[in-house]
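Numbering of ligands and ligand atoms starts at 1, following listing order. Note that these values count all heavy atoms, side chains included, but never hydrogens, waters or copies made by symmetry.
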Amino acid sequence: MKEAKFSTKSIWAGEKEQLAFGATQVPVVHSVSFGYDDMDEWYEVAIGNKPGHIYGRNTNPTVQAFEDKIRILENAEAATSFSTGMAAISNTLDTLLFPGDRIVSIKDTYGGTNKIFTEFLPKQQVEVVLCETGDHAALEEEVAKGCKVLYLESPTNPTVKITDIKRMAAAGKAVGATVIVDNTFATPVNQNPLELGADLVIHSATKFLGGHADALGGAVCGRKDLVEAIYHYREINGATLDPMAAYLLLRGMKTLKLRVEQQNKNAAAIAEHLKTFDMVEGVFYPGLETHPNHEIAKQQMNGFGGMLSFAVKGGVATVRDLLPRLQYANRAANLGCVETVVGPSRTTSHVECTPEERAAMGIPEGLIRYSAGIEDIDDLKEDLSQAFQSLQTFVNK
Ligand SMILES: *Cc1c(COP(=O)(O)O)cnc(C)c1O
C-alpha cells in the first residue's frame, strides 16, 4: 500500500497499537505501574528485550501513542516526550553538552531557551555563542570554529525571523555538530527540518500540536541514537509527559492540518489587513514580500504559519488601550490554539528582558504578538478594524 498522506497519518498513526476492549479511541492509562506474575517476562521487559511497560516515569501506553504519532508526522526514526516544551529543550541540551563544550545559536530563540543559554549553560562551563538572527555568514563563521551543538529556531518569537535551515545544517554537519531545530512555530504541516538536514526537531506540543491550550507537553524527534540517549536522561530525571495531557495532545493532533491551514490563511490575511491602519508602524510575517527572508521562507516552508507581530505607534500606551478592545482574542501568553491570542512582547515572550535589551533585540515596546486562531477571517478583520477605529477616536480627542 502507498504511504498515507499527512492528514490520514495524523488521525490514524500510533493509535491502533494501544487500543483495548474494542475501543476505537486510545485509553488514558492512569496506572503508575504495570504488574507481572511471570518474573522472567518482567525481567525481559525491564531490560528492554520485550515490549511492554514497567513504571510510568519511563513509559506509558497513552504517552507512547503520542510519541508514535509525532514521530510519524515528523518522518523521524525515533521520538520521545516530555512534560513541557522547555523540558524537551533542557533535557536535550543536558544530554548533549558537558563542561568545555561549545554551542552556537541565535539571539532570538524563545525566551526560556534564551535563559538556558545566558543563565544556566554558562554555569555548567558550556560556552554559548549567540549570533544575530538571520545573519547566516556570522553563524557559519562561528560554527566553522567548531561546536558540539548548533541550535536553531525558525520562524522566531516574536518578530518571525527566518534562518536557512538547509544551509546551516550543512555548516553544522561539516564540523560534526548535532543540529537541532525548534519547529514549534512552523509545525510539521509547514516545515520539516529533518528533511532539510537537522538531526533533531523539538516541539512545544503545548502550542499548535495540541492546539486547544488545555495541555502542556513537549517532544523531541530525530536520529535514533540521539533520541535514545535523551530518553534515558528524561526517564531518570523525570520530566515525564502526563497520560491525561498525552491524550489531549493526541486528540488535538488529529485536526493539526485543518487547523494550521486555516491559521496560515488567517495570519496572511491579518498581515495584509494590518498594513491599512495608520497606527501600525510595521508588520512582521514571513509570507509578506517585504519580509527580509521571504525567499528563504518560500523555499523551506509549505506555509508561512499562524504567527505574526506588528508594532503600533504610541508604544505601550497604545497597546494598553488597543488590546482590551478586541472581542475575539485572548490577551494571554500562549499561542497556536484555535482561539486568536494577542499579547505585548514586553509581557509575553521577552518579559525577562529590560527595555534596553528588548530595543537591542529589535523588539519595540509597542510590539504585539498575534497568534491567528481558526475563527472566520471576516470577523477577525472586523474586530481589528473596530478596535483601531475606537482607538482613533480616543487619540483624536
Ligand atoms: C512555548 C514555546 C516553548 C516552550 O514550551 P512550553 O511547553 O511552554 O514549555 C519553546 N519553544 C517555542 C518556540 C515556544 O513557543
Any idea which atoms of ligand 1 are less than 4.0 Å away from a heavy-atom of Gly85?
-> 5 (O), 6 (P), 7 (O), 9 (O)
Distance to 0.1 Å, residue and atom name: give those for the protein heavy atom nearest to atom 7 (O) of ligand 1.
-> Thr206 OG1, 2.6 Å
Check each atom of ligand 1 against the heavy atoms of Met86 and keep those under 4.0 Å away; list them by number with element.
-> 4 (C), 5 (O), 6 (P), 9 (O)
Do any heavy atoms of Asn334 fall under 4.0 Å from ligand 1?
-> no
Donor-acceptor contact present, side-chain Lys69 to main-chain Ser10, <3.5 Å = yes
Sub-3.5 Å donor-acceptor pair from the side chain of His291 to the main-chain atoms of Val160, do we have one?
-> yes
Salt-bridge test for Glu228 and Lys224: reply yes if a basic N is under 4.0 Å from a carboxylate O, no otherwise.
-> yes
Give a yes or no answer on whether the side chain of Asn60 reaches the backbone of Gly56 with a donor-acceptor pair at less than 3.5 Å.
-> no
On the 0 to 90° scale, with breaks at 30° and 60°, tag the Phe277-Phe388 ring pair as parallel, tilted or perpendicular.
-> parallel
Hey, does Ser204 come in under 3.5 Å of ligand 1, counting only N/O atoms on both sides?
-> yes
Side-chain H-bond candidate by donor/acceptor type, Gln191 with Asn302, under 3.5 Å = no
Any idea which atoms of ligand 1 are less than 4.0 Å away from a heavy-atom of Glu153?
-> 13 (C)
The closest protein heavy-atom partner of atom 4 (C) of ligand 1 is Tyr110 CE2, 3.5 Å
Ignoring angles and geometry beyond distance, decide whether Asp182 reaches within less than 3.5 Å of ligand 1 through its nitrogen or oxygen atoms.
-> yes
Atoms in ligand 1 flagged as close to Ile89, the criterion being non-hydrogen separation under 4.0 Å | 10 (C)
Evaluate whether atom NZ of Lys16 has more than 12 neighbouring non-hydrogen atoms of other residues, nucleotides or ligands under 6.0 angstrom away.
-> no
Counting distance only, does the side-chain N/O of Arg102 pair as donor-acceptor with the main-chain N or O of Glu142 below 3.5 Å?
-> yes
Do me a favour and list the nearest non-hydrogen protein atom to atom 2 (C) of ligand 1 with residue, atom name and distance?
-> Lys207 NZ, 2.5 Å
Under 4.0 Å to a heavy atom of Phe185 - the qualifying atoms of ligand 1, by number = 15 (O)
